[in-house]
Amino acid sequence: MSTELEWITEVDDHRIKTPVLQVEDVAISYETRKGDVPAVRDVSFDILRGEAHSIVGESGCGKSTVAFGIVNFLGRNGRIVNGRILFQGQDLVGRPQEELRRIRGDRIAMVYQDPMQALNPSMRLGDQMSEVLIVHRGMEKKAAEEKCLEMLNRVYMPDAANVMRRYPHQISGGQQQRVVIAMALLNDPALLIMDEPTTALDVTVEAVVLDLIAELQRVFDTAIMYISHNLGVVARVSTKVGVMYAGEIVERATVKDVYLRPYHPYTQGLMRCVPRLGMDKRSSFLYPIPGRVPSPANLPPGCVFEPRCDYSREECRLKRPALRAIEPRHWVRCHFAEEVAQMGWEPPEEVLADLATPAEFDRTAEPILKVSRAKTYYEAPSKKLLSREKLYVKAVDDVSIEVIKGETLGIVGESGCGKSTLVKTVIGMEKPTAGEFEFMGVDISTPVSKRDLSIIRELQMVFQNPDSTLNPSFTVGMQIGRALRRFKTVPKDHVRAEVMRLLNMMKLGELYYDRLPRQLSGGEKQRVGIARAIAARPELVLCDEPVSALDVSVQAAVLNLLMEIQAELGTTMIFIAHDLSVVRFFCDHIAVMYLGQIAEIGLAEAIYSPPYHPYTEALLSAVPIPDPSVEQKSIRLSGNVPSALNPPSGCRFHTRCPRKLGDVCETAAPPCQHMTDEHRIHCHIPLEELREMEMVVSIAG
Amino acid sequence: MMTEMGALTQPSRWQKIWDSLSILWQSKVAVAGLILVLFWTLTAIFAPVVTQHEPNVEDAQARNEGPSAGHWLGTDHKGRDLWSRVAYGGRIVLVKWPVTESFWIPGGVAIWGVLIALAVGCTLGLLSGYYGGWVGEVVMRILDAMMAFPTILLYLIIIAAMGASATNVVIAITIAGSPGIARLVRGLALDIRTRDYIAAAETRGEPGLWMMFLEVLPNARGPIIIDAMLRVGYAIFSIGTLGFLGLGLPPPNPDWGSMVQAGHHHIFTNPWGVVWPTVAISSLVVGLSLLADGLREESLRYQ
Amino acid sequence: MLVRDYMTKHPLMVQPTMSIVDAQRFMGENNIRHLPIVGDGKRLLGLVTRQTLLVDPGRLGSLDVWEITRCLAGLTVQDVMVKAEHVIIVEQNATIEEAARIMVEKKIGCLLVVDDGVVTGVITEIDLLARLMEMMAARVPGVRVTVRQPNVSGELAKLVGAIAAQGWGIRALGGTPTPKDPSKWDVVVKVSNVPKDEIVAALRKVDGQEVVDVREV
Ligand SMILES: Nc1ncnc2c1ncn2[C@@H]1O[C@H](COP(=O)(O)OP(=O)(O)O)[C@@H](O)[C@H]1O
Ligand code: SF4
Ligand code: SF4
Ligand SMILES: [Mg+2]
């Protein structure tokens, strides 16, 4: 297989791979109230024909700005202040709008994170797609439609003819993104810029879209500039990568070189703070990068990474390093890259001090939370006006879990699988339809308004979205203090002191007491949210995707913080996340949910090695892994999670299961098979066969 | 770096207020509006200081005069000083609500009317927006029915039924204004209800009043304030209209609408009697809408 | 083996308003000899080559230096390009031999690939030579034998049969009429991993055919 690929590229060798895009010393500034903000400085890279080049970096480091600079979509206040952008040999900077517009339409296409940004919600998909051809190419309507249909089939859109007649909101996010990609390819662009195109998608869908991008790049010989914050995704789609930090490219080389032998201290730091699939908190640590990304309005005078760099010296503070070739085709922006590479890395004191030893828990202890046969249905508005029959969205349908005191239970599954509903039912924000809920020996199948304050305080929650987790109108101190006052955790005159203690525990410091949420970064907001949740010293904390919206370097710090809290207070946690590496790292037990039901539940290490539930297997093979040396089986699920309004009969996974046995899966609900006492798999495949499955992810060599 | 420095020096309270006002200076439109509004408010407050004549003193020697050094804006058909009348005329809408003959409280009828309408509208809006359910539905249906009437017609009906007095004007503004405010607040509450901090408060088992007035309402304040400014403008305009129709505040207190009404009989001999109060009403209303527009634009920009 | 599989996609192209001075520099910098001029939607408007950019000296002869520069600066590629209808093109679904035929007949080394008026690629003689190279498995080590056989049907089958009978695999196979002898046909076969002598011995046995050239590459 690999020799064959080499073969093809060799054959192509006589065609000199010319650069499609050359970005040279580009600097972009935004004019703001406080003066010009140099958001991007000194960025150079090139992309050859048919090559996929990634730009990776945390949010706000200027990735999108570079992309928008190329297509000159910087908005009213953005401006390219320096440099050249050569596209197919011609400089785009300073060209008249009209010409740029034509080049953009004909030869450069762009795909954004949110497909709806590119789709017109009030127009049928077929019409908006063919319009591109009718307007740009002057094609006949009929021919244009045929071409669009062909293109939709090219991107493996199921039931393409039908999709052409639908409106954007009538198809799922993954399908919308596919339409947008198909649309982008209609004009056969030489360059395709993709800005986080899969960030909003589930891992399973993301995997399919990434495969598609790789294939299209080969077939259409399109150069791809792929922007992402996810190191795993970058490893999967591209051959070369530029790492951006605070508006500069700090390292650039092939993916292999950057991932396996990073030179720049920032790149090295990034590699250390993402959990790899298979790491767990008992055998390894995540080392966050201390500090935060400087705002482009207040850059350090020397090296931009200096305030956070473990190797920084006098020279770094004074002199800005240039991007230089440290090896052939490996560029680094650091004065001391050679030495850094040789020195090896020891976690510095302040990082070490923050690393928590994970809490131990007593596996034989009585469960603190027992949920059995839980059902939570939402009433759906009936389609027929006068029909009496009520329809239900079966968000949680017959789920049983137990959580032991002091442990962490992880819940994974695609979006719409009922993870959040389960947690909301436990905490009392949704009313259960059926089932038993017992927490610390007390029945909690009642909504929160009917619960006793003493139970309410034992159950608290941490939310996903840092931007909406705090009330924007009140200061940090007031919000944490409210929880203390409400539950009378401490006497009234101690509230302030207790808030200060919590702020210190969150590593925020007392100065945050009077800050308003909008003055905080995402990670800081999330810490305040955690402080608010643990203020009442609850027994069980429910975390609904607490780190999903955070940058990787911040994510590590928040995970460490949660571990520390758990070790110190003995808090039990339920942790929902869609990142399987994070869940594996953080959780003791894991439940895999599919369409309102548990597919598999067991100890973390048992879930991640065979035997697998076929759904778990597919999820694992979809996880993007930031390590080019890892071998991963490629199992792709077709389609989306079916509607919970009308779940498939028998095994709910049968519509997508790659290992489906036959009729039995469609008719009979799968039995619960016990691998061990703790490890259950709900599937018709006999145990012996499940045991024979191969490992999905293996480290090569 | 900068953020750490900022952390060391806590901004004072005044600094914070100044910061939140600074959004105002960003918009030329808002500044223009603010100047107009401040001009009329200050004029009304300091009317005794900035005028040379009493508003109701008739000077038979100087009827229907144009602007002069003695009478800056001229005089009306009874020889009363127009500048003085215009300045005092702003008092009742902006600075002084005579609840009874002898008792008045600061803040004019337009301001109080809108404030009370805000209280009523916000409560109803929050009830139906945050709680929802059938009570909310019923409340909204009734309010919708009220909103089907043109506002000015509502004013007319109410004033005609209850008689023209400052207090009745306040009541009319309240009744006419609260449905719109309720509708606005309800929409905002429906949106804010879905935020995570609301869920966080619910998981603390916070009582309903806390939820409505401390979790939801403060975060809806931006649009509400902007809407209120427009409403004050509209109320002033409506009071003027009522005055013009003869349903204004009882004489001899000058009010702008009645001044137009009285002046328009003499419009050919003395246009000034109509021009000045009209200019006053329209510039104040325009000022308020400019201020609202400017604020809206700026707050959208820096969301 | 169609043009679309072997053409170079996304060729460099420019807008008709580019001045010929810029076009000349552009072609030099990017080392290309043919420059398609396109309008909206990559529609082919014309083609300039290095020759078309050389301004007719007769036209300039009567002008003085200043007028010449002014004249040159004002000229754009659309003034000098070969108009679309005269540009020699091929469609991407054509076979590569068709492309070769056009090139040979018109004596040009490069063809624009145009579909429905839209430029989709270019294919050059180098692309075709690369195909020839691959057809003859130039980069695979093995024994390359040229056999001269009568130009009659069935002869090739005899040759292939003889190799197949030995259980050997054919890496490459190609034929062309024998130069200056229309009754004969020269066939080249390439076989890997088999000693040269064995192959020669086996092929010598095919009657009516003659091994004219053997080499190990
Ligand atoms: N329209 C704008 N006006 C002012 N600053 C902006 C604007 N857009 C982006 N920025 C700033 O530019 C920097 C880079 O942003 P962006 O390119 O969006 O980064 P990324 O895509 O890597 O998340 C950030 O500091 C951001 O706040
Ligand atoms: S230049 Fe200095 S501060 Fe910057 S990354 Fe290198 S060692 Fe660190
Ligand atoms: S029961 Fe059947 S359909 Fe369901 S997971 Fe097992 S094999 Fe697949
Ligand atoms: Mg971005």
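Residue numbers start from 1 in every chain, and the chains themselves are labelled A, B, ... in the order their sequence lines are given, proteins ahead of strands. Remember, predicted model here, so these are calculated numbers, not experimental data.
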Roughly how far, to the nearest 0.5 Å, is CG of A:N471 from CD1 of B:I192? 9.0 Å

Residue, of A:M461, A:Q479, A:M429, that accumulates the most heavy atom pairs under 4.5 Å with chain B: A:M429

Got a second to check how far A:R532's CZ is from B:Y197's OH, nearest 0.5 Å? 11.0 Å

From A:S468 OG over to B:N219 CG, what is the distance, rounded to the nearest 0.5 angstrom? 11.0 Å

Mind jotting down which residue pairs meet the salt bridge (charged side-chain N to carboxylate O under 4.0 Å, His left out) criterion with at least one end in residues 191-212 of chain B? Sequence neighbours excluded, please. A:R482-B:E206, A:R486-B:E206, B:D191-B:R195, B:R204-B:E206, B:R204-B:E215

With a 4.5 angstrom heavy-atom cut-off, is it the side chain or the backbone of B:I198 that approaches chain A, or both, or neither? neither

Tell me whether the count of non-hydrogen atoms from other residues, nucleotides or ligands lying under 6.0 Å of CZ in B:F237 goes above 12. no

Within a 6.0 Å radius of atom CZ on B:F213, are there more than 12 heavy atoms belonging to other residues, nucleotides or ligands? yes

Let me have the donor-acceptor pairs involving side chains of residues 453-460 of chain A, under 3.5 Å, with sequence neighbours excluded, atom names and distances please.
residue	atom	partner	partner atom	Å
A:S454	OG	A:D452	OD2	2.8
A:R457	NH2	A:A536	O	3.3
A:E458	OE1	A:E539	N	3.0
A:Q460	NE2	A:I456	O	3.2
A:Q460	NE2	B:T203	O	3.2

When the 4.5 angstrom heavy-atom criterion is applied to B:A199 and chain A, the contacting part is both

Within the supplied structure, the quantity of interest is the number of heavy atoms (other residues, nucleotides, ligands) at a distance under 6.0 Å from A:K507 NZ; does it exceed 12? yes

